[in-house]
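Taking it in order: structure first as structure tokens, then the write-up.
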Amino acid sequence: MEDRISITLDNGVADVRLNRPDKMNALDRAMFDGLNAAIAKLEATPGLRAVVLSGEGRAFCAGLDMGNFRQMGQGGGGSTVGSLDKRSHGLANHAQNVAWGWRQLPVPVIAALHGVAFGGGFQIAIGADIRIAAPDLRMSVMEIRWGLVPDMAGLALMRSLARDDVIRELSYTGRQISGEEAVQLGFATRTAADPRAEALELARAIANNSPDAVRAGKRLFNMMEDSDAGAILLAESVEQMKLIGSPNQVEAVRAGLEKRAPRFSDAG
């Protein structure tokens, strides 16, 4: 993992960096492996409260490494990560999990986007709960340029962010959009001159809230797309019953009444 991804943990906030700046953090086999290892490590990290995901150098992620496309152009089939129909990470395969896995982490993930987020990089970005983009960021569902379809959980993730016709247009054309247009279409939350600084500030604010309530919220948000109203209403009640009277909920109330900063115990 250390060859491609760096993780720094500070007060419950994990600062995760794609670290292949000479290749604009393009996705080779080592990057896929590193991202999956990072997700697994974070999942097992005690006291984790929020994650910031960003890229070193000039870009967030330029997508699949050009070497793989050269192999395809010479008639070489196959994939950088092996058989794509094999489910290696629950619902997802090895490649899909580098995007889908961020959504499955129990804590909020904030992607800080600059330079480019193309193809696989676009899909990794939309796996985050929140995306803060540089205004001049360039994003693209670029797979069509290479005669492919988005297959790194892009369809499962895009459907909750943008209109169907918008998703189709961008996927059929590979058209590049700016960070500002990404906000308008639903693929970014907001823009900032320094996305990483803004993302870290937001992550620290989230980390100051009850970790039990934040994790319960993410579980509820993750079920909204696929569950019916009855299931969602019941889940709201179940989560709330677990929170009411729990140590961190009591501490939140006491801190509010006493006008002081809360002192929460870490979630699992």
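Numbering starts at 1 and runs along the sequence shown.
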Legend entry - Closest contact, heavy atoms only, Leu42 versus Leu48: O-CD2, 3.4 Å
Legend entry - Side chain to side chain, Arg87 and Gln96, heavy atoms closer than 4.5 Å: yes
Legend entry - Within-4.5 Å side-chain heavy-atom neighbours: Arg219 and Val238: no
Inset, instruction - Indicate yes or no for a side-chain donor-acceptor contact from Gln123 to the backbone of Gly154 under 3.5 Å, with no hydrogens or angles considered. - result: yes
Legend entry - Side chain Arg159, main chain Ile167, donor-acceptor under 3.5 Å: no
Inset, instruction - Could you go through the salt bridge (Lys or Arg N to Asp or Glu O under 4.0 Å) check for Lys242 and Asp212 one step at a time? - result: CA-CA 9 Å; Lys242 292 177 183 176; Asp212 298 335; over 6 Å; no
Legend entry - Partner of Ile206 by side-chain contact (heavy atoms from CB on, under 4.5 Å), out of Ile110, Val51, Val13, Val107: Ile110
Inset, instruction - Measure the spacing between CD of Gln249 and CZ of Arg254 and express it to the nearest 0.5 Å. - result: 10.5 Å
Legend entry - Check: Arg131 main-chain N/O paired with Thr189 side-chain donor or acceptor under 3.5 Å: yes
Legend entry - Backbone of Ala26 reached by a side-chain donor or acceptor of Arg20 within 3.5 Å: yes
Legend entry - Side-chain donor/acceptor of Glu251 to backbone N/O of Pro247, under 3.5 Å: no
Inset, instruction - Determine whether Leu161 and Met152 fall in the same hydrophobic cluster, where Ile, Leu, Val, Met, Phe, Trp and Tyr are linked whenever their side-chain heavy atoms lie under 4.5 Å apart. - result: yes
Legend entry - Non-hydrogen side-chain atoms of Leu157 and Trp100 separated by less than 4.5 Å: yes
Inset, instruction - Taking all heavy atoms of Ala188 and all of Gly179, pick out the closest pair and write down the distance. - result: CB-O, 4.4 Å
Legend entry - Side chain proximity check, His94 to Asp33, heavy atoms < 4.5 angstrom: yes
Inset, instruction - Please examine the side chains of Asn97 and Ser88, heavy atoms only from C-beta on, and report whether any two atoms are closer than 4.5 Å. - result: no
Legend entry - Under-4.0 Å salt bridge between Arg49 and Asp266: yes
Legend entry - Side chain Ser227, main chain Ile232, donor-acceptor under 3.5 Å: no
Legend entry - Distance (rounded to the nearest 0.5 Å) between Ile126 CD1 and Phe187 CZ: 6.5 Å
Inset, instruction - Can you see which heavy atom on Ala213 is nearest to which on Leu243, and at what distance? - result: N-CD2, 3.8 Å
Inset, instruction - Could you tell me whether the side chain of Ser140 and the main chain of Phe118 form a donor-acceptor pair under 3.5 Å? - result: no
Inset, instruction - Check the pair Leu200, Asp15 against side chain to side chain contact (heavy atoms under 4.5 Å, CB included), reporting the backbone distance first and the verdict last. - result: CA-CA 8 Å; Leu200 286 167; Asp15 184 7; 4.2 Å; yes
Legend entry - Test item: Val109 and Lys218 side chains (from C-beta on) under 4.5 Å apart, heavy atoms: yes
Legend entry - Counterpart residues, side-chain hydrogen bond (donor to acceptor under 3.5 Å, both in side chains), relative to Arg263 (two or more places apart): none
Inset, instruction - Apply salt bridge (Lys or Arg N to Asp or Glu O under 4.0 Å) to Arg103 and Glu225, showing your working. - result: CA-CA 13 Å; Arg103 191 61 59 91; Glu225 183 69 21; over 6 Å; no
Legend entry - Between CZ on residue Phe60 and CG on residue Asn25, distance to nearest 0.5 Å: 8.5 Å
Inset, instruction - Please examine the side chains of Leu155 and Pro150, heavy atoms only from C-beta on, and report whether any two atoms are closer than 4.5 Å. - result: yes
Inset, instruction - Run through Asp22, Asp65, Asp28 and flag the one making a salt bridge (Lys or Arg N to Asp or Glu O under 4.0 Å) with Arg4. - result: Asp28
Legend entry - Side-chain heavy atoms of Glu143 within contact of Phe122, under 4.5 Å: no
Legend entry - Arg260 side chain to Leu257 backbone, donor-acceptor under 3.5 Å: no
Legend entry - Approximate separation, where rounding is to 0.5 Å, of Ile124 CD1 and Cys61 SG: 4.5 Å
Inset, instruction - Determine yes or no for a side-chain-to-main-chain donor-acceptor pair under 3.5 angstrom, with Asn93 supplying the side chain and Asp85 the backbone. - result: no
Legend entry - Distance-only donor-acceptor check, side chains Arg17 and Ser54, under 3.5 Å: yes
Inset, instruction - Please confirm whether the backbone N or O of Gln104 pairs with a side-chain atom of Asn222, one donor and one acceptor, at under 3.5 Å? - result: no
Legend entry - Shortest non-hydrogen separation from Ile39 to Leu105 and the atoms involved: O-CD2, 3.7 Å
